[in-house]
Amino acid sequence: MSKNDIAPIIIKRKKVVAGGGHHGGAWKVAYADFVTAMMAFFMLMWLLNATTETQRKGLADYFSPTIAVARVSGGGDGAFGGDSLSSEKTMSQTGRGGFTHQPPGGLSEFGAAPDAEQVASKETETLEKLQEGLIGKGGESLLREMALEHIVTRLTDEGLIIEIFDLENRRLFEDGSDIPTPLLLDIAGVLAETFDLVTNQVAIGTHTRAFPQVLRQNPAWVLATSRSQVMRRLMERQNFAPDRVQRITGFGGRSPLVEDPMDVRNNRVVLTLLRDNN
């Protein structure tokens, strides 16, 4: 075979189209993104039409980074329209939270109510000053020297307790009755005037000495209750506000102070100037 008989070499180049041309899937991704965006748009339009102004404001406040969480509106629906039991209409404007009225003692610099311990401390200080003025600590007493012998005061968690008791031959009530003596009349007048300096509620309780068991009927309960009522009326006659009396109690002879239950020292009237939380 001669050289001229050699067949020529033919090279064929085939162009391969990536993705199969119009049969590829890239357009599907773009179409899915478009459908998702349209769905989000229609959802937004539906929500704008189905929600109230208050709810939309709540959503806007929630996503706003410049408004504190405690000052925004809830945006909810139902019986309270997005507000809680402790909210008010101007909460988001005033920042007063759930205070529908200004709390006792006013608002602090940052819009918060005074600390409970500060309020209690101030009340204790007021009661201490009242106690000092009544019994004459560091100064002149409001009561006469004879009346002071019948009074003991103490400050407790319940309030300022003022205990008035009988002494031998010097009684608060006529023996065995609820008729007050001039001594008790003087003491009631001073106490009413002193209590008028504050607004605290008052509790009145009366104790009696024990009576002999040979008696057919024990008068201690009836006598103690009756004397409490008499003490209340004596205070009211001195212009003491009747609505400040929170409770009246007759203890009978159940809580004697001295060992002898029949001792006259157990006859006593206890007035408690209550703290505001009682």
Side-chain angles (χ1 to χ4, degrees), residues 124 127-195 200-235 238 240 245-275 278:
T124 299
L127 293 178
E128 286 177 348
K129 290 181 179 180
L130 205 66
Q131 180 185 26
E132 293 175 0
L134 185 63
I135 64 177
K137 287 184 178 180
E140 184 178 355
S141 170
L142 295 174
L143 293 166
R144 292 184 297 180
E145 183 177 353
M146 181 180 296
L148 279 174
E149 297 178 3
H150 294 261
I151 292 180
V152 172
T153 63
R154 62 183 182 275
L155 193 59
T156 66
D157 292 339
E158 186 179 17
L160 176 60
I161 297 178
I162 302 169
E163 187 176 288
I164 315 166
F165 52 86
D166 276 358
L167 291 176
E168 198 66 42
N169 300 323
R170 289 209 304 269
R171 308 294 179 88
L172 302 176
F173 295 92
E174 298 292 341
D175 192 26
S177 73
D178 59 359
I179 302 175
T181 63
L183 174 64
L184 184 59
L185 295 175
D186 291 342
I187 294 176
V190 173
L191 292 180
E193 183 179 353
T194 304
F195 289 174
N200 302 60
Q201 298 280 300
V202 175
I204 301 175
T206 303
H207 303 259
T208 65
R209 66 179 181 87
F211 289 86
Q213 295 183 358
V214 296
L215 295 177
R216 184 176 180 180
Q217 293 183 347
N218 188 352
W221 291 108
V222 176
L223 187 59
T225 304
S226 178
R227 287 179 174 180
S228 292
Q229 293 285 4
V230 169
M231 188 65 192
R232 175 186 61 82
R233 288 193 292 267
L234 291 179
M235 298 280 289
Q238 304 295 328
F240 183 76
V245 179
Q246 186 186 85
R247 64 179 182 268
I248 294 176
T249 311
F251 294 96
R254 289 300 183 92
S255 302
L257 281 182
V258 296
E259 185 176 355
D260 182 6
M262 297 184 66
D263 194 298
V264 296
R265 176 63 175 81
N266 294 317
N267 289 327
R268 61 196 189 277
V269 179
V270 181
L271 292 92
T272 305
L273 198 61
L274 300 169
R275 296 181 184 270
N278 291 323

Within the distance-only criterion (no hydrogens, no angle test), does the side chain of [X] pair as donor or acceptor with the backbone N or O of [Y] below 3.5 angstrom?
| X | Y | answer |
| --- | --- | --- |
| D178 | V222 | no |
| R275 | D157 | yes |
| N266 | V258 | yes |
| T208 | A224 | no |

Decide yes or no for [X] and [Y]: does some side-chain heavy atom of the first lie under 4.5 Å from some side-chain heavy atom of the second?
| X | Y | answer |
| --- | --- | --- |
| M231 | L191 | yes |
| F173 | N267 | no |
| L183 | L172 | yes |
| F240 | V202 | yes |
| I162 | L273 | no |

Tell me whether [X] at atom [atom1] has more than 12 heavy atoms from other residues, nucleotides or ligands lying less than 6.0 Å away.
| X | atom1 | answer |
| --- | --- | --- |
| I179 | CD1 | no |
| R254 | CZ | no |
| Q229 | CD | yes |

Legend entry - Passing option when H150 is tested against R268, R171, R170 for side chain to side chain donor-acceptor pair (under 3.5 Å):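 Running side chain to side chain donor-acceptor pair (under 3.5 Å) over R268, R171, R170 with H150 returns exactly one hit, R170.
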
Inset, instruction - For Q238 and A192, work out which heavy atoms get closest and say how close. - result: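 The pair with the smallest heavy-atom distance is CB-CB, 3.5 Å.
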
Nearest-0.5 Å distance that lies between atom [atom1] in [X] and atom [atom2] in [Y]:
| X | Y | atom1 | atom2 | value |
| --- | --- | --- | --- | --- |
| F211 | L223 | CZ | CG | 5.5 Å |
| D263 | E168 | CG | CD | 7.5 Å |
| T194 | Q131 | OG1 | CD | 12.0 Å |

Legend entry - Carboxylate-amine/guanidinium proximity below 4.0 Å for E149 and R265: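 Looking at E149 and R265, the cut-off is not met.
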
